[in-house]
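Numbers here are sequence positions counted from 1. Order of listing sets the numbers, starting from 1, for every ligand and every atom in it.
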Amino acid sequence: MKGICVLGATGSIGVSTLDVVARHSHLYKAVALTANHNIDLLFEQCMLHHPEYVVVVDENKAKSFEQKIQNTPISDIKVLTGSESLEYVSTLDSVDSVMAAIVGAAGLLPSLAAAKAGKTILLANKEALVMSGDIFMDAVAKSGAQLLPIDSEHNAIFQCMPAGYKSGMQAKEARRILLTASGGPFRQMPVDQLVNVTPAQAVAHPNWDMGKKISVDSATMMNKGLEMIEACILFAMKPDQIQVVIHPQSIIHSMVDYVDGTVLAQMGNPDMRVPIAYSMAWPERFESGVAPLNIFDVRQMDFEEPNLERFPCLRLAYKAINLGGIIPTVLNAANEIAVDAFLNEQIRFTDIPLVIERSMDKFVASPASSLELILEADKNARLVAKQLIIELAA
Ligand code: NAD
Ligand code: MG
C-alpha cells in the first residue's frame, strides 16, 4: 500500500488523481489532501478518502473546515493551515508519492520539499520546474527521488524514451522531441481579432477541461512555451531540439525522433487520467477509467507549424530559455500576473505577451544558482509586471 499526498486536490488534476486513487484503493491511500479555499469539494473528497491530514491554505477557510467536520465520521482528520504546512505534508513518512498539482509558483516549495525528501514526485506543476530547473533536478538526483511527469506531453515523451530511462538523463540516441499542441481555441481566429478575446472565450478549451490559468496559457500558447522549457529540463535537451507541432485533434500527445529515423509517438484519448494512472502504476500499468481510443473515430490527424506572430508567447519562452539564468523565472512570474489581470479584465488578451516581454527586458540573466535568488527574481518580476499593467490600464 502506497501513501499519496495530493497537493492541489481540489483542482482539475487533483480531482482526476483522486478518481484514479479510488479505482485502486487496495494499492493507494490518500494520506494528505491540500486546497487553497474550496472546502466544500475538499469535504466531499475527505468523506470518500478519509485522509490523515488536510491543509487548507486560507486560514479562515481552515477554521470553517474544522467546524464542518465536527460530529462527522471524519472529525479525526488533522486540519493544518498556511503554506508551510504544504511542505510538512509533502514530506511525511507515511507519504510515498506526492502529486504536485498546485497551479503556479505557489507549488514550488512543497514540490521541492518532496524532491529533497526523496519522494516519488508526480509533477503536474510545470511552473515550479520552469522556475527552479537545475536546483530542482539536483535535489531529485541527490535524494534519489523519482520524478515522473504528469503533463500529458512530457508523460508521452517519457513513455517513448528507452527502457530504464529516468527523468534528467540524456537519451543520446534521441535527437529531437516533437512537442504537440492543440493550438487552443484561437488557432484559426484572424490575428487582428485576438485583441477582443474575452476571458470566457479564452478558458473554453476545445479538447481539455482544465483550470483557468492553464486554459488561458493554452490560448496564448504560453503553456507550450512553459512545456518546451519543462522538456529541456526533464529530458536534458537543448531548445533547438524541441519542435512544437500543432496537432488539433490531441490524439498524439508527443513524439521522440531517434537517430535511426524512428519516431515514437504516444497516443490516447485526451484525458489526464491516462498520464496520472501511468505515473501511479509506473513501472507497471493499471486501469485509468479512460475509454479505449477508437481509432476509427479519429479519421484524420493534422500537423502544422506554429505561427509565432499569432502566438508571441511561444517566441518569448524560447527567448527566455536561451537567455537562461533567472529569465525563465521572470517569464513565468510575469505570465502569472498578466493572466490574472486578463482574467480580471484589467488588460486585453494581446497585452499578455506585451507585459511579459517588457518585464523580461527589465532583467539581466543573472544566475539562478540558489532558491533565494529564484524567489527574489520571482518577487521582483511580479512587482515589475504589476507596474506595467497599471501603466497599460492608464
Ligand atoms: P486548478 O486551477 O484546477 O487547480 C489548482 C489547485 O491548486 C487547486 O486545488 C487550488 O486549491 C490549488 N492552489 C491554487 N493556488 C494555491 C496557492 N496559492 N496555495 C496552495 N494551493 C493553491 O489547476 P489545474 O488545471 O489542476 O492545474 C494544476 C497544475 O497542473 C498546473 O501547474 C498546470 O499547469 C498543470 N497541468 C494541468 C493540466 C490539466 O489538464 N488541468 C494538464 C497538465 C498540467
Ligand atoms: Mg500539457
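For Lys2 and Asp96, the salt-bridge test fails: no basic side-chain N is under 4.0 Å from an acidic carboxylate O. Ion pair Asp361/Lys319 flagged as a salt bridge, since at least one NZ, NE, NH1 or NH2 atom sits closer than 4.0 Å to an Asp/Glu carboxylate oxygen.
The closest protein non-hydrogen atom to atom 35 (C) of ligand 1 is Ala124 O, 3.1 Å. The closest protein non-hydrogen atom to atom 32 (O) of ligand 1 is Glu127 OE1, 2.7 Å. The nearest heavy-atom contact from the protein to atom 11 (O) of ligand 1 is Asn36 N, 2.9 Å. Looking only at protein heavy atoms, the nearest one to atom 36 (N) of ligand 1 is Ile214 CD1, 3.6 Å.
Contact atoms of ligand 1 toward Ile13: 26 (O), 30 (O), 37 (C), 38 (C), 39 (C), 40 (O), 41 (N), 42 (C) (distance under 4.0 Å to a heavy atom of the residue). Atoms of ligand 1 lying under 4.0 Å from any heavy atom of Asn125, numbered from 1 in the order shown and given with element: 32 (O). In the vicinity of Ala106, heavy-atom distances shorter than 4.0 Å reach the ligand 1 atoms 17 (C), 18 (N), 19 (N). For ligand 1 and Gly8, the ligand atoms under 4.0 Å from any heavy atom of the residue are 6 (C), 7 (O), 9 (O).
By the 30° and 60° cut-offs, the orientation of the rings of Tyr28 relative to Phe286 is perpendicular. Ring-plane geometry between His154 and Phe235 is classed as parallel, the angle between the planes falling under 30 degrees on a 0 to 90 degree scale with a further cut at 60.
Within 6.0 Å of the CG atom in Asp134, the count of heavy atoms belonging to other residues, nucleotides or ligands does not exceed 12. In Lys61, the NZ atom is not crowded: 12 or fewer heavy atoms of neighbouring residues, nucleotides or ligands sit closer than 6.0 Å.
When non-hydrogen atoms are compared, ligand 1 lies under 4.0 Å from the backbone of Met210 as well as from its side chain. When heavy-atom distances to ligand 1 are checked against a 4.0 Å cut-off, Ile102 comes that close through both its backbone and its side chain.
Take the Mg ion (ligand 2) as the corner point: the lines to OE2 of Glu227 and to OD1 of Asp151 open at 90°, to the nearest 10 degrees.
When distances from the Mg ion (ligand 2) to the N, O or S atoms of Glu153 are compared, OE1 comes out shortest.
Between the side chain of Ser370 and the main chain of Leu373, a donor-acceptor pair closer than 3.5 Å is present.
Polar contact check, Val57 against ligand 1: no nitrogen or oxygen pair lies under 3.5 Å apart. In terms of N/O distances under 3.5 Å, ligand 1 is approached by Thr10.
Under a 4.0 Å heavy-atom criterion, Lys213 is not in contact with ligand 1.
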